[in-house]
> 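Questions regarding the structure given below will be posed in turn.
Computed from a prediction, not measured in an experiment: that's the story for all the values here.
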Amino acid sequence: AAMRSLPYFCRGEVVKGFGRGSKELGIPTANFSEQVVESFPSDISTGVYYGWACVGNGDVHKMVLSIGWNPFYKNIKKSVEIHIINTFKDDFYGEILSIVIIGYIRSEKTFNSLEALISAIQEDIEEAKRQLDLPEHLKLKEDNFFHLPEGKIVNH
């Protein structure tokens with residue numbers, strides 16, 4: 001389904017999530033604050049997406065992003081988890097994360113096992129890498145959106 005809102009540019013502070021990503025899955029994810037998530041356009045449905053991400057004034061990397069209902073809140077709050085396809089030495093809580101969501105990979109689904117979930121995420125990552133190598137997607141990597149003016153404080 002083509003969504004009017006894509007590509008969607010978004011920026012916000014990285015907050016602590018549930019700590020599930022790194023520990024259980026070996027796949028570290030970054031989480032945006034609720035305010036950022038609530039500002040997402042309503043026509044971006046739940047599921048898995050690909051795009052570009054940049055921490056602070058760092059390099060722009062490929063990323064996969066999942067938008068899902070957070071069962072802890074009885075499905076009234078969406079949660080957004082971002083996996084940047086790059087190895088970072090440190091956590092980046094409190095940093096500004098700039099992302100552009102470009103395209104849709106698949107809908108949200110439940111998995112019977114951790115292994116099934118992990119292998120689905122690995123497939124999502126491979127698909128994201130393939131899509132983002134396409135010329136029309138590569139050009140967004142160079143978007144001026146990713147160049148924060150030096151010393152500029154971004155409103156969260």
> Please name the pair of heavy atoms, one in Ile44 and one in Ser5, separated by the smallest distance, quoted to 0.1 Å.
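Scanning both residues, the minimum pair turns out to be CG1-CB, 4.0 Å.
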> Would you mind reporting whether Phe9 and Leu140 have side-chain heavy atoms less than 4.5 Å apart?
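In contact.
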> Listed by chain and number, what are the side-chain hydrogen bond (donor to acceptor under 3.5 Å, both in side chains) partners of Asn86, not counting sequence neighbours?
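If we apply the side-chain hydrogen bond (donor to acceptor under 3.5 Å, both in side chains) test to Asn86, skipping adjacent residues, the hits are His61.
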> For Asp133, give me all partners under side-chain hydrogen bond (donor to acceptor under 3.5 Å, both in side chains), at least two apart in sequence or on another chain.
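Asp133 satisfies side-chain hydrogen bond (donor to acceptor under 3.5 Å, both in side chains) with Lys62 once adjacent residues are dropped.
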> On a heavy-atom basis, which atom in Val100 and which in Phe146 lie closest, and how many Å separate them?
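Smallest heavy-atom distance, with atoms named: CG1-CZ, 3.5 Å.
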> Minimum heavy-atom separation for Tyr8 and Ser39, please, with both atom names.
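Looking at all heavy atoms of both residues, the closest pair is OH-O, 3.4 Å.
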> Same cluster or not: Phe88 versus Val15, using hydrophobic residues (I, L, V, M, F, W, Y) connected whenever any side-chain heavy atoms lie under 4.5 Å apart?
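Each belongs to a different hydrophobic cluster.
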> Going from NZ on Lys139 to CH2 on Trp52, what distance comes out if it is rounded to the nearest 0.5 angstrom?
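Rounded to the nearest 0.5 Å, the NZ-CH2 separation comes to 12.0 Å.
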> Do you know the tightest heavy-atom contact between Phe145 and Cys10?
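Result for this residue pair: CZ-O, 3.5 Å.
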> Which pair of heavy atoms, one from Ala116 and one from Ser113, lies closest together, and at what distance?
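Closest heavy-atom pair between Ala116 and Ser113: N-OG, 3.0 Å.
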> Which residues pass the ring pair (Phe, Tyr, Trp, His ring centres under 6.0 Å) test with Tyr50, sequence neighbours left out?
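So Tyr50 forms a ring pair (Phe, Tyr, Trp, His ring centres under 6.0 Å) with His137.
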> Applying side-chain hydrogen bond (donor to acceptor under 3.5 Å, both in side chains), name anything that partners Glu127, two or more places apart in sequence or on another chain.
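Per chain and number, Glu127 pairs via side-chain hydrogen bond (donor to acceptor under 3.5 Å, both in side chains) with Arg130, Gln131.
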> Which value, rounded to the nearest 0.5 Å, describes the distance between Arg11 atom CZ and Ser98 atom OG?
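Arg11 atom CZ to Ser98 atom OG measures 3.5 Å (nearest 0.5 Å).
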> Could you tell me the separation between the CD1 atom of Ile121 and the OG atom of Ser66, rounded to the nearest 0.5 Å?
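So the gap between those two atoms works out to 7.5 Å.
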> Looking at residues at least two apart in the chain, or sitting in another chain, which of them share a salt bridge (Lys or Arg N to Asp or Glu O under 4.0 Å) with Lys141?
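None.
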> What's the separation between atom OH in Tyr49 and atom CG in Leu65, rounded to the nearest 0.5 Å?
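Spacing of OH (Tyr49) from CG (Leu65) equals 8.5 Å.
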> Enter the distance from Phe40:CZ to Phe32:CZ here, rounded to the nearest 0.5 Å.
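Answer for the CZ-CZ pair, Phe40 versus Phe32, is 6.0 Å.
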> With hydrophobic residues grouped by side-chain heavy-atom distances under 4.5 Å, do Tyr93 and Ile82 end up in a single group?
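Linked within one cluster.
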> According to a 4.5 Å side-chain heavy-atom criterion applied to Ile, Leu, Val, Met, Phe, Trp and Tyr, with indirect links allowed, do Phe111 and Ile118 form part of one hydrophobic cluster?
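Yes, Phe111 and Ile118 fall within the same hydrophobic cluster.
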> Can you find a pair of side-chain heavy atoms, one from Cys54 and one from Leu97, that are under 4.5 Å apart?
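A side-chain contact under 4.5 Å is absent here.
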> Could you measure the distance from the NE2 atom of His83 to the CE atom of Met63? Nearest 0.5 Å is fine.
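Going from the NE2 atom of His83 to the CE atom of Met63 covers 11.5 Å.
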> To check you understand the geometry: which heavy-atom pair defines the closest contact between Gly47 and Tyr104, and what is its length?
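Minimum heavy-atom separation between Gly47 and Tyr104: CA-CE1, 4.2 Å.
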> Which residue pairs pass the salt bridge (charged side-chain N to carboxylate O under 4.0 Å, His left out) test with at least one member in residues 98-126, sequence neighbours excluded?
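Qualifying pairs, neighbours excluded: Arg106-Asp124, Glu126-Lys129.
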> Tell me whether Leu134 is reachable from Leu132 by hopping between hydrophobic residues (I, L, V, M, F, W, Y) whose side-chain heavy atoms are closer than 4.5 Å.
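Leu132 does not cluster with Leu134.
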> Applying side-chain contact (heavy atoms from CB on, under 4.5 Å), run through Leu6 and Ile102 and close with a yes or a no.
CA-CA 6 Å; Leu6 297 183; Ile102 300 176; over 6 Å; no
> So, applying side chain to side chain contact (heavy atoms under 4.5 Å, CB included) with Val64, which one of Ile84, Ile27, Thr29, Ile125 is it?
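By the side chain to side chain contact (heavy atoms under 4.5 Å, CB included) criterion, Val64 pairs with just one of Ile84, Ile27, Thr29, Ile125: Ile125.
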